[in-house]
Amino acid sequence: MTTIASATDTLTRDALTVLQPGFTGTTAPDWLLRRLGEGLASVGLFGRNIASPEQLAALTAQLRAERDDVLVAIDEEGGDVTRLEVRSGSSFPGNHALGAVDDVDLTRQVASELGRRLAACGVNLNWAPSADVNSNPANPVIGVRSFGADTALVARHTAAYVTGLQSAGVAACTKHFPGHGDTAVDSHHALPRIDAALDVLSDRELSPFRAAIAAGTRAVMSAHILVPALDPDHPATLSRPVLTDLLRGDLGYSGLIVTDGMEMQAIAATYGIERGSVLAIAAGADAICVGGGLADDETVRRLRDALIAAVRSGELPEDRLAEAAERVRELARWTATTAQAIEGEGRTDVGLVAARRALKLTGSADFTPLTDPPYVAAFTPVANIAVGDETPWGVAAELNRLLPGTETGTYTGEAAGRAALEASGGRRVVAVVRDEHRHAWMGAALDYLLESRPDTIVVEMGVPQAVPRGALHIATHGAARVCGRAAAEVIAGE
């Protein structure tokens, strides 16, 4: 099954095997195909690589023509973080919506159908689910990507998601170990820190990972976070006490350990990607994820050469690199054998069913559905890097489908409420917010709007921490396309 890179020595081949790089474009560039022939075993896909399911299937076939056991990875959480449907919005609600429903069988079905669609396109490793407990409501990067703030809930849904995804032959990569939920900093920009005590970490952060391991997760992704109770000196991705002693030793995990993106500033700005990659493999990681921002052959060459130099200098034991490369190959073998055994049709409507069930309505007893097209005022925060700003969100498109003539505008900043009110004219206003509790300007905009138009309908598409208000308040628990559709159906009485 495995294509052996005969033109390269074992050390070089192993150094390439542990890399998971990205690239630009919707077809594989020549340099990437050449690296696959030399020993590269994994490729990471992002929204920039995907135009349609048919194109994605052709791309993965192109990769497998060069190396038939290649791991094709993607960051497809569903909900707000989607690559498969980056230009339209996801057909699946994200974790927070599934946690709000709290039906583990539904979560398993959603993950299974998502996995089936990925597998049909040739993707066999998904950097999901997020097992982070969103214990800090101000968290700028996790939020609706988490099943919730309750540890037991997160644990049971993480396990269900892993089971569902892997039932479709797609390896789950549970993240972000040892838990990114209690952070106030986005690791794309800087190094977050969690100052929780060991007993708190064990009971709260680690419980969902124990559940994922028990469910058989094939991969775990490390977090670029500093947890002094576990290691006061190194972020988790570069920490032997975290990856080897805790994850391998105490938790008994034997699968693949993947790093979060090494070009994220928490690592790149403090260690650099070459030094960071060497330290990560030495600490116990098996695969280096890079390619969200750095996506070229030069990056692959730099990381390959850094790993080879570290082995030759004695800084990185050669058997540690060989062990890491073998774990990559083990996962490749699992995906190849499992994919051949998967048969049957999925449940294509399960995402919309889940989104409808996740809605929480306040004020619905006195609400009369709209019959005339409203004005949708979208109060839009800056998207974090994980979510990105390519993917459309909101309710305007779905409302326009149900109530043709619906108009919309996007607003931000101190004058948002006044501007939205002026633009609405005499129409009924639907105000769409995302994490109102984290954005003072957003709360002020709603204050202004509701003072003049108390009949305003409010749709919260983030974490519903703020007090519900408006003539009708709809909490969707996420901003996926299906969440917008479910909310629009309520507003229009469908």
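All residue numbers in this chain count up from 1 along the given sequence.
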Applying ring-ring contact (aromatic ring centres under 6.0 Å, His included), can you list everything that pairs with [X], at least two apart in sequence or on another chain?
| X | answer |
| --- | --- |
| H477 | H96 |
| F92 | none |
| Y161 | none |

Partner set under salt bridge (Lys or Arg N to Asp or Glu O under 4.0 Å) for [X], not counting sequence neighbours:
| X | answer |
| --- | --- |
| D447 | R469 |
| D305 | R301 |
| E414 | none |

With [X] via side chain to side chain donor-acceptor pair (under 3.5 Å) - residues at least two apart:
| X | answer |
| --- | --- |
| Q20 | W127 |
| S91 | E85, R481 |
| D103 | R357 |
| S277 | none |

Would you say [Y] and [X] are linked by a side-chain donor-acceptor pair, where the criterion is simply a distance under 3.5 Å?
| X | Y | value |
| --- | --- | --- |
| N139 | H180 | no |
| S202 | R210 | yes |
| H176 | D132 | yes |
| T12 | D9 | yes |

_Angle between ring planes, H439 versus W441, binned at 30° and 60°: parallel, tilted or perpendicular?_
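Answer is tilted, since the angle falls between 30° and 60°.
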
*Mind telling me whether F379 and Y411 have parallel, tilted or perpendicular rings, with 30° and 60° as the class edges?*
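Tilted: the ring planes of Y411 and F379 meet at 30° to 60°.
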
*Could you give all pairs that pass the side-chain hydrogen bond (donor to acceptor under 3.5 Å, both in side chains) test and reach residues 248-266, with sequence neighbours left out?*
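Counting only pairs at least two positions apart or across chains, the side-chain hydrogen bond (donor to acceptor under 3.5 Å, both in side chains) contacts touching residues 248-266 are R248-D286.
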
_Candidates T217, D75, V220, V258 - the one meeting side chain to side chain contact (heavy atoms under 4.5 Å, CB included) with K175_ =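 Going through the options one by one, the only one that passes is D75.
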
*asked:* Does anything in residues 262-285 form a ring pair (Phe, Tyr, Trp, His ring centres under 6.0 Å)? List the pairs, not counting sequence neighbours.
replied: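 Every pair satisfying ring pair (Phe, Tyr, Trp, His ring centres under 6.0 Å) with a residue in residues 262-285: there are none.
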
